[in-house]
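Note that the structure is a prediction, hence the values are computed from the model and not measured. Ligands are counted one by one from 1 in listed order, and the atoms in each one are counted from 1 as well. Numbering of residues begins at 1 and proceeds along the displayed sequence.
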Amino acid sequence: MSSRPALRVALIGTGFMGRMHAHAWRTAHRFFRLDVAPQIAVVVGRDAERTDAAAQEFGAGAAATDWREVVQRPDIDVIDICTPGDTHAEITLASLAAGKHVLCEKPLANSVAEAERMVAAAQAAPELVAMCGFSYRRTPALSLAREMIADGRLGEIRHVRAQYLQDWLSDPDAPFTWRLDKTRAGSGTLGDIGAHSIDTAQWLTGDLITTVSAVLRTFVADRPDSEGRGVGLGGSAVHGAPRREVTVDDAAAFTATFAGGALGVFDATRMATGRRNANRVEINGTRGSIAFDFERMNEVEFYDATDPAGAQGFRRIQVTEPEHPYAGAWWPAGHGLGYEHGFTHQIVDFVRAISEGAPVSPSFAEAAQVQRVLEAVGDSAAHDSVSTPVKGTES
Ligand code: SOE
(Lines give C-alpha, C1' and ligand atoms only; values in the text may rest on other atoms or scores of the structure.)
Protein backbone atom coordinates (compact mmCIF):
# COMPACT_ATOMS: atom_id res chain seq x y z
CA MET A 1 0.00 0.00 0.00
CA SER A 2 1.22 3.49 -0.88
CA SER A 3 1.65 5.89 2.06
CA ARG A 4 1.30 8.82 -0.30
CA PRO A 5 -1.95 10.77 -0.13
CA ALA A 6 -4.41 9.87 -2.86
CA LEU A 7 -5.30 12.23 -5.70
CA ARG A 8 -8.84 11.31 -6.64
CA VAL A 9 -9.69 11.57 -10.29
CA ALA A 10 -12.99 11.60 -12.15
CA LEU A 11 -12.35 10.49 -15.73
CA ILE A 12 -15.02 11.69 -18.15
CA GLY A 13 -15.15 9.78 -21.44
CA THR A 14 -14.64 6.11 -22.22
CA GLY A 15 -13.45 6.17 -25.84
CA PHE A 16 -9.92 6.01 -27.24
CA MET A 17 -8.70 8.96 -25.17
CA GLY A 18 -10.50 7.80 -22.01
CA ARG A 19 -8.71 4.46 -22.24
CA MET A 20 -5.40 6.16 -22.93
CA HIS A 21 -5.72 8.51 -19.96
CA ALA A 22 -6.84 5.64 -17.72
CA HIS A 23 -3.68 3.76 -18.59
CA ALA A 24 -1.61 6.87 -17.87
CA TRP A 25 -3.27 7.54 -14.49
CA ARG A 26 -2.58 3.98 -13.44
CA THR A 27 1.03 3.99 -14.59
CA ALA A 28 2.46 7.43 -13.74
CA HIS A 29 3.18 6.99 -10.02
CA ARG A 30 4.57 3.50 -10.55
CA PHE A 31 7.44 4.75 -12.73
CA PHE A 32 7.92 8.35 -11.59
CA ARG A 33 8.45 9.81 -8.13
CA LEU A 34 5.24 11.62 -7.26
CA ASP A 35 4.15 13.04 -3.91
CA VAL A 36 0.63 11.75 -4.37
CA ALA A 37 -0.87 8.52 -5.67
CA PRO A 38 -3.53 9.08 -8.34
CA GLN A 39 -6.62 6.90 -8.21
CA ILE A 40 -9.40 6.84 -10.77
CA ALA A 41 -12.29 7.18 -8.33
CA VAL A 42 -15.03 7.28 -10.95
CA VAL A 43 -15.44 6.91 -14.70
CA VAL A 44 -18.22 8.95 -16.30
CA GLY A 45 -19.95 8.10 -19.59
CA ARG A 46 -23.34 8.51 -21.20
CA ASP A 47 -24.20 4.83 -21.55
CA ALA A 48 -24.52 3.06 -18.16
CA GLU A 49 -23.62 -0.41 -19.36
CA ARG A 50 -20.58 0.70 -21.37
CA THR A 51 -19.41 2.95 -18.55
CA ASP A 52 -19.63 0.10 -16.03
CA ALA A 53 -17.53 -2.05 -18.33
CA ALA A 54 -15.01 0.77 -18.80
CA ALA A 55 -14.77 1.36 -15.04
CA GLN A 56 -13.91 -2.30 -14.56
CA GLU A 57 -11.40 -2.27 -17.40
CA PHE A 58 -9.77 0.93 -16.07
CA GLY A 59 -9.61 -0.39 -12.49
CA ALA A 60 -11.79 2.50 -11.31
CA GLY A 61 -13.74 2.62 -8.06
CA ALA A 62 -17.12 3.37 -9.65
CA ALA A 63 -19.06 4.36 -12.76
CA ALA A 64 -21.51 7.25 -13.22
CA THR A 65 -23.55 8.80 -16.02
CA ASP A 66 -24.10 12.35 -14.73
CA TRP A 67 -20.94 14.48 -14.93
CA ARG A 68 -22.74 17.44 -13.31
CA GLU A 69 -23.28 15.44 -10.14
CA VAL A 70 -19.72 14.07 -10.21
CA VAL A 71 -17.99 17.46 -10.47
CA GLN A 72 -19.77 18.55 -7.27
CA ARG A 73 -18.52 15.57 -5.24
CA PRO A 74 -16.26 16.65 -2.35
CA ASP A 75 -14.20 13.45 -2.61
CA ILE A 76 -12.96 14.31 -6.14
CA ASP A 77 -9.79 16.40 -6.72
CA VAL A 78 -9.34 16.27 -10.50
CA ILE A 79 -11.67 16.26 -13.49
CA ASP A 80 -10.08 14.70 -16.57
CA ILE A 81 -12.07 15.57 -19.70
CA CYS A 82 -11.77 13.05 -22.56
CA THR A 83 -15.02 13.84 -24.37
CA PRO A 84 -15.66 15.49 -27.78
CA GLY A 85 -14.88 19.21 -28.02
CA ASP A 86 -18.48 20.45 -27.79
CA THR A 87 -18.54 19.51 -24.08
CA HIS A 88 -15.11 20.84 -23.02
CA ALA A 89 -16.13 24.37 -22.06
CA GLU A 90 -19.22 23.45 -20.08
CA ILE A 91 -17.53 20.68 -18.09
CA THR A 92 -14.44 22.80 -17.48
CA LEU A 93 -16.37 25.83 -16.23
CA ALA A 94 -18.44 23.70 -13.84
CA SER A 95 -15.34 21.85 -12.61
CA LEU A 96 -13.29 24.97 -11.91
CA ALA A 97 -16.28 26.58 -10.18
CA ALA A 98 -16.50 23.47 -7.98
CA GLY A 99 -12.80 23.82 -7.04
CA LYS A 100 -11.41 20.93 -9.12
CA HIS A 101 -8.16 20.76 -11.05
CA VAL A 102 -8.84 20.18 -14.78
CA LEU A 103 -7.00 18.27 -17.47
CA CYS A 104 -8.81 18.79 -20.79
CA GLU A 105 -8.12 16.92 -24.04
CA LYS A 106 -7.12 18.88 -27.15
CA PRO A 107 -8.24 20.93 -28.92
CA LEU A 108 -9.18 23.04 -25.93
CA ALA A 109 -12.63 23.92 -27.31
CA ASN A 110 -14.65 24.17 -30.50
CA SER A 111 -14.31 27.96 -30.80
CA VAL A 112 -12.12 30.83 -29.69
CA ALA A 113 -15.04 32.29 -27.68
CA GLU A 114 -15.34 29.07 -25.65
CA ALA A 115 -11.59 28.81 -25.23
CA GLU A 116 -11.43 32.38 -23.93
CA ARG A 117 -14.14 31.66 -21.36
CA MET A 118 -12.08 28.68 -20.21
CA VAL A 119 -8.94 30.81 -19.94
CA ALA A 120 -10.80 33.45 -17.91
CA ALA A 121 -12.17 30.79 -15.53
CA ALA A 122 -8.72 29.27 -15.07
CA GLN A 123 -7.16 32.68 -14.43
CA ALA A 124 -9.85 33.43 -11.84
CA ALA A 125 -8.85 30.28 -9.93
CA PRO A 126 -5.02 30.39 -9.82
CA GLU A 127 -4.93 27.85 -6.97
CA LEU A 128 -6.23 25.22 -9.42
CA VAL A 129 -4.25 23.59 -12.21
CA ALA A 130 -5.89 23.82 -15.63
CA MET A 131 -3.96 22.11 -18.40
CA CYS A 132 -4.71 21.06 -21.98
CA GLY A 133 -3.67 17.62 -23.25
CA PHE A 134 -1.34 18.20 -26.17
CA SER A 135 0.35 14.91 -25.42
CA TYR A 136 3.08 15.06 -28.08
CA ARG A 137 4.86 17.69 -25.98
CA ARG A 138 5.86 14.72 -23.82
CA THR A 139 7.43 12.59 -26.53
CA PRO A 140 11.06 12.45 -25.36
CA ALA A 141 12.44 13.12 -28.85
CA LEU A 142 10.33 16.28 -29.22
CA SER A 143 11.16 17.40 -25.68
CA LEU A 144 14.84 17.01 -26.54
CA ALA A 145 14.35 18.93 -29.79
CA ARG A 146 12.79 21.76 -27.84
CA GLU A 147 15.71 21.86 -25.41
CA MET A 148 18.17 21.97 -28.31
CA ILE A 149 16.28 24.80 -30.01
CA ALA A 150 16.06 26.74 -26.73
CA ASP A 151 19.84 26.23 -26.31
CA GLY A 152 20.36 27.95 -29.67
CA ARG A 153 21.60 24.82 -31.50
CA LEU A 154 19.51 25.76 -34.56
CA GLY A 155 20.30 29.47 -34.46
CA GLU A 156 17.69 31.76 -35.93
CA ILE A 157 14.67 29.78 -37.13
CA ARG A 158 13.78 30.24 -40.82
CA HIS A 159 11.53 27.32 -41.73
CA VAL A 160 8.93 25.25 -39.89
CA ARG A 161 7.56 22.37 -41.95
CA ALA A 162 4.89 20.32 -40.21
CA GLN A 163 2.90 17.43 -41.61
CA TYR A 164 0.42 15.27 -39.79
CA LEU A 165 -0.56 12.39 -42.03
CA GLN A 166 -3.04 9.64 -41.20
CA ASP A 167 -5.13 7.38 -43.45
CA TRP A 168 -7.95 5.96 -41.36
CA LEU A 169 -10.56 7.86 -43.43
CA SER A 170 -9.15 7.15 -46.89
CA ASP A 171 -11.77 4.45 -47.58
CA PRO A 172 -15.04 6.26 -48.53
CA ASP A 173 -16.93 3.48 -46.72
CA ALA A 174 -15.14 4.01 -43.42
CA PRO A 175 -18.05 4.75 -41.08
CA PHE A 176 -19.22 8.10 -39.74
CA THR A 177 -17.89 9.03 -36.28
CA TRP A 178 -18.39 12.08 -34.06
CA ARG A 179 -15.05 13.33 -35.40
CA LEU A 180 -16.85 14.03 -38.72
CA ASP A 181 -19.64 16.08 -37.14
CA LYS A 182 -18.87 19.81 -36.93
CA THR A 183 -21.27 20.41 -34.05
CA ARG A 184 -19.39 17.88 -31.91
CA ALA A 185 -15.80 18.14 -33.13
CA GLY A 186 -15.66 21.83 -34.15
CA SER A 187 -13.62 21.00 -37.24
CA GLY A 188 -12.20 17.86 -38.83
CA THR A 189 -8.61 17.01 -39.54
CA LEU A 190 -7.69 20.60 -38.82
CA GLY A 191 -8.69 20.57 -35.13
CA ASP A 192 -8.03 16.89 -34.55
CA ILE A 193 -4.47 16.60 -35.78
CA GLY A 194 -3.59 19.95 -37.38
CA ALA A 195 -3.94 21.35 -33.85
CA HIS A 196 -1.08 19.10 -32.74
CA SER A 197 1.16 20.46 -35.49
CA ILE A 198 0.30 24.04 -34.59
CA ASP A 199 0.97 23.43 -30.91
CA THR A 200 4.19 21.57 -31.63
CA ALA A 201 5.44 24.29 -33.97
CA GLN A 202 4.76 27.14 -31.54
CA TRP A 203 6.06 25.20 -28.54
CA LEU A 204 9.25 23.98 -30.23
CA THR A 205 10.18 27.39 -31.58
CA GLY A 206 8.88 29.42 -28.64
CA ASP A 207 7.33 31.64 -31.30
CA LEU A 208 3.77 32.46 -32.34
CA ILE A 209 2.02 32.14 -35.68
CA THR A 210 0.78 35.55 -36.77
CA THR A 211 -0.78 35.04 -40.24
CA VAL A 212 -2.04 32.06 -42.23
CA SER A 213 -3.23 31.34 -45.74
CA ALA A 214 -5.23 28.14 -45.99
CA VAL A 215 -7.26 25.65 -47.98
CA LEU A 216 -9.49 22.95 -46.51
CA ARG A 217 -10.89 20.04 -48.48
CA THR A 218 -13.59 17.44 -47.84
CA PHE A 219 -12.96 14.54 -50.21
CA VAL A 220 -15.78 12.26 -49.06
CA ALA A 221 -19.09 14.09 -48.60
CA ASP A 222 -21.00 11.33 -46.76
CA ARG A 223 -20.27 8.09 -44.99
CA PRO A 224 -22.11 5.01 -43.71
CA ASP A 225 -24.03 6.05 -40.62
CA SER A 226 -23.27 2.90 -38.77
CA GLU A 227 -20.84 1.73 -36.13
CA GLY A 228 -17.95 0.01 -37.79
CA ARG A 229 -16.36 -3.13 -36.49
CA GLY A 230 -12.77 -3.29 -35.36
CA VAL A 231 -10.60 -1.31 -33.04
CA GLY A 232 -9.68 1.49 -35.45
CA LEU A 233 -10.70 5.09 -34.85
CA GLY A 234 -13.95 4.82 -36.78
CA GLY A 235 -13.94 1.06 -37.34
CA SER A 236 -13.65 -0.89 -40.56
CA ALA A 237 -15.61 -0.24 -43.78
CA VAL A 238 -19.38 -0.71 -43.79
CA HIS A 239 -21.25 -1.40 -47.04
CA GLY A 240 -24.90 -0.73 -47.83
CA ALA A 241 -25.80 1.33 -44.72
CA PRO A 242 -27.61 4.68 -45.04
CA ARG A 243 -25.12 7.51 -45.39
CA ARG A 244 -24.66 10.64 -43.31
CA GLU A 245 -23.23 13.97 -44.39
CA VAL A 246 -19.67 14.79 -43.35
CA THR A 247 -19.65 18.38 -42.08
CA VAL A 248 -15.91 18.85 -41.51
CA ASP A 249 -12.68 18.96 -43.50
CA ASP A 250 -10.76 15.82 -44.46
CA ALA A 251 -7.57 17.74 -45.12
CA ALA A 252 -6.04 21.10 -44.30
CA ALA A 253 -3.08 22.81 -45.93
CA PHE A 254 -1.75 26.21 -44.99
CA THR A 255 1.22 28.46 -44.98
CA ALA A 256 2.01 30.58 -41.94
CA THR A 257 4.25 33.39 -40.84
CA PHE A 258 5.74 33.53 -37.35
CA ALA A 259 6.30 36.64 -35.24
CA GLY A 260 10.06 35.98 -35.30
CA GLY A 261 10.16 35.93 -39.11
CA ALA A 262 10.06 32.18 -39.82
CA LEU A 263 7.90 30.71 -42.60
CA GLY A 264 5.65 27.73 -41.87
CA VAL A 265 4.13 25.11 -44.17
CA PHE A 266 1.49 22.86 -42.64
CA ASP A 267 -0.21 19.80 -44.14
CA ALA A 268 -2.74 17.70 -42.20
CA THR A 269 -4.85 14.87 -43.58
CA ARG A 270 -6.55 11.65 -42.54
CA MET A 271 -6.38 10.45 -46.17
CA ALA A 272 -2.66 9.90 -46.78
CA THR A 273 -2.88 6.22 -47.73
CA GLY A 274 -0.18 4.23 -46.00
CA ARG A 275 0.62 6.89 -43.40
CA ARG A 276 -0.93 5.69 -40.16
CA ASN A 277 0.22 8.32 -37.70
CA ALA A 278 3.03 10.26 -39.33
CA ASN A 279 3.21 13.34 -37.14
CA ARG A 280 6.27 15.04 -38.61
CA VAL A 281 8.08 18.28 -38.12
CA GLU A 282 11.26 19.70 -39.59
CA ILE A 283 12.77 22.98 -38.49
CA ASN A 284 15.65 24.72 -40.24
CA GLY A 285 17.67 27.47 -38.65
CA THR A 286 20.84 29.39 -39.44
CA ARG A 287 22.99 26.94 -37.41
CA GLY A 288 21.21 23.66 -38.06
CA SER A 289 18.04 21.62 -38.42
CA ILE A 290 15.99 19.04 -36.60
CA ALA A 291 13.57 16.52 -38.11
CA PHE A 292 11.10 14.22 -36.35
CA ASP A 293 8.52 11.65 -37.46
CA PHE A 294 6.26 10.06 -34.86
CA GLU A 295 6.32 6.80 -36.83
CA ARG A 296 9.95 6.65 -35.58
CA MET A 297 9.14 8.31 -32.30
CA ASN A 298 12.24 7.26 -30.40
CA GLU A 299 14.59 9.26 -32.56
CA VAL A 300 15.23 12.78 -33.77
CA GLU A 301 17.52 13.85 -36.59
CA PHE A 302 19.86 16.75 -35.99
CA TYR A 303 22.02 18.58 -38.49
CA ASP A 304 24.72 20.84 -37.09
CA ALA A 305 25.83 23.39 -39.67
CA THR A 306 28.84 24.23 -37.48
CA ASP A 307 30.34 20.73 -37.87
CA PRO A 308 33.63 20.77 -39.80
CA ALA A 309 33.35 20.72 -43.58
CA GLY A 310 33.47 17.13 -44.78
CA ALA A 311 31.93 15.81 -41.56
CA GLN A 312 28.54 17.41 -42.00
CA GLY A 313 25.29 15.49 -42.26
CA PHE A 314 22.16 14.64 -40.33
CA ARG A 315 22.82 12.50 -37.27
CA ARG A 316 20.18 10.26 -35.75
CA ILE A 317 19.88 10.66 -31.99
CA GLN A 318 18.15 7.74 -30.35
CA VAL A 319 16.30 9.47 -27.51
CA THR A 320 16.32 6.59 -25.03
CA GLU A 321 19.31 7.47 -22.81
CA PRO A 322 18.92 8.23 -19.10
CA GLU A 323 20.06 11.82 -19.87
CA HIS A 324 17.08 12.37 -22.17
CA PRO A 325 13.72 13.86 -21.06
CA TYR A 326 11.51 11.26 -19.32
CA ALA A 327 13.49 8.29 -20.74
CA GLY A 328 15.46 7.46 -17.59
CA ALA A 329 12.30 6.43 -15.71
CA TRP A 330 11.69 3.56 -18.13
CA TRP A 331 13.81 0.91 -19.80
CA PRO A 332 17.51 0.43 -20.50
CA ALA A 333 18.89 2.60 -23.36
CA GLY A 334 17.69 1.59 -26.80
CA HIS A 335 14.58 -0.28 -25.63
CA GLY A 336 12.16 2.38 -26.82
CA LEU A 337 8.85 3.92 -25.80
CA GLY A 338 5.38 4.03 -27.45
CA TYR A 339 2.39 6.32 -28.00
CA GLU A 340 1.02 5.72 -24.51
CA HIS A 341 4.17 6.97 -22.78
CA GLY A 342 3.49 10.58 -23.82
CA PHE A 343 0.19 10.37 -21.94
CA THR A 344 1.87 8.95 -18.86
CA HIS A 345 4.39 11.81 -18.94
CA GLN A 346 1.50 14.24 -19.31
CA ILE A 347 -0.08 12.88 -16.11
CA VAL A 348 3.30 13.05 -14.33
CA ASP A 349 3.69 16.73 -15.23
CA PHE A 350 0.06 17.53 -14.43
CA VAL A 351 0.31 15.88 -11.00
CA ARG A 352 3.59 17.67 -10.28
CA ALA A 353 1.93 20.97 -11.16
CA ILE A 354 -0.69 20.18 -8.50
CA SER A 355 1.50 18.75 -5.77
CA GLU A 356 4.81 20.57 -6.34
CA GLY A 357 3.80 23.75 -8.18
CA ALA A 358 5.66 22.66 -11.35
CA PRO A 359 4.91 24.68 -14.53
CA VAL A 360 1.69 23.94 -16.39
CA SER A 361 2.31 23.13 -20.05
CA PRO A 362 0.30 23.88 -22.05
CA SER A 363 -1.74 26.30 -19.99
CA PHE A 364 -5.25 27.09 -21.17
CA ALA A 365 -3.88 30.40 -22.45
CA GLU A 366 -1.39 28.59 -24.72
CA ALA A 367 -4.06 26.16 -25.90
CA ALA A 368 -6.39 29.10 -26.64
CA GLN A 369 -3.64 30.53 -28.85
CA VAL A 370 -3.72 27.29 -30.87
CA GLN A 371 -7.48 27.77 -31.10
CA ARG A 372 -6.96 31.25 -32.57
CA VAL A 373 -4.72 29.79 -35.25
CA LEU A 374 -7.33 27.10 -36.01
CA GLU A 375 -9.96 29.80 -36.37
CA ALA A 376 -7.72 31.89 -38.62
CA VAL A 377 -7.10 28.85 -40.83
CA GLY A 378 -10.85 28.20 -41.07
CA ASP A 379 -11.52 31.86 -41.89
CA SER A 380 -8.79 32.01 -44.51
CA ALA A 381 -10.09 28.85 -46.21
CA ALA A 382 -13.69 30.05 -46.07
CA HIS A 383 -12.92 33.43 -47.59
CA ASP A 384 -10.49 32.14 -50.15
CA SER A 385 -8.59 35.24 -49.11
CA VAL A 386 -5.32 34.93 -50.94
CA SER A 387 -6.12 32.41 -53.62
CA THR A 388 -4.53 33.65 -56.84
CA PRO A 389 -5.62 31.85 -60.01
CA VAL A 390 -2.87 30.41 -62.18
CA LYS A 391 -3.30 31.99 -65.61
CA GLY A 392 -4.73 29.59 -68.18
CA THR A 393 -6.28 27.23 -65.61
CA GLU A 394 -9.48 29.18 -64.93
CA SER A 395 -12.58 27.23 -65.99
C1 SOE B 1 -7.28 10.70 -34.30
O2 SOE B 1 -6.95 11.32 -35.48
C3 SOE B 1 -6.23 10.81 -33.18
O4 SOE B 1 -6.58 9.88 -32.22
C5 SOE B 1 -6.17 12.19 -32.56
O6 SOE B 1 -7.42 12.56 -32.00
C7 SOE B 1 -5.09 12.21 -31.48
O8 SOE B 1 -5.00 13.47 -30.89
C9 SOE B 1 -3.75 11.81 -32.14
O10 SOE B 1 -2.74 11.72 -31.16
C11 SOE B 1 -3.85 10.48 -32.83
O12 SOE B 1 -4.94 10.49 -33.72
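In this structure, atom 8 (O) of ligand 1 lies nearest to the protein heavy atom His196 NE2, 2.7 Å. When only non-hydrogen protein atoms are considered, atom 1 (C) of ligand 1 lies nearest to Asp192 OD2, 3.2 Å. Ranking protein heavy atoms by distance to atom 12 (O) of ligand 1, first place goes to Gln166 NE2, 2.9 Å.
The Arg179 neighbourhood of ligand 1 comprises atoms 1 (C), 6 (O), with distances under 4.0 Å to a heavy atom of that residue. Every atom of ligand 1 is numbered from 1 in the order shown, and the set under 4.0 Å from a heavy atom of Lys106 is 5 (C), 6 (O), 7 (C), 8 (O). Heavy-atom contacts of Tyr136 reach the following atoms of ligand 1: 9 (C), 10 (O), 11 (C) (cutoff under 4.0 Å). Listed by atom number, the atoms of ligand 1 under 4.0 Å from Ile193 heavy atoms are 2 (O). Against a heavy-atom cut-off of under 4.0 Å, Tyr339 is close to the following atoms of ligand 1: 7 (C), 9 (C), 10 (O), 11 (C).
Phe314 and Tyr303 have tilted rings, their planes meeting at an angle from 30° to 60° on a 0 to 90° scale. Ring orientation note: the planes of Tyr339 and Tyr136 are tilted relative to one another, at an angle of 30° to 60°.
If you run ring pair (Phe, Tyr, Trp, His ring centres under 6.0 Å) between Trp330 and each of His335, His341, His324, only His341 comes through. With respect to Arg270, the salt bridge (charged side-chain N to carboxylate O under 4.0 Å, His left out) criterion is satisfied by exactly one of Asp250, Asp249, Asp192, Asp167: Asp192.
Here the shortest heavy-atom distance to atom 11 (C) of ligand 1, taken over Tyr164, Phe16, Trp168, belongs to Tyr164.
Ionic pairing of Arg153 and Asp151 is not present here: no N-O contact between side-chain nitrogen and carboxylate oxygen is shorter than 4.0 angstrom. In this structure, Arg243 pairs ionically with Asp173, as a charged nitrogen and a carboxylate oxygen lie closer than 4.0 Å.
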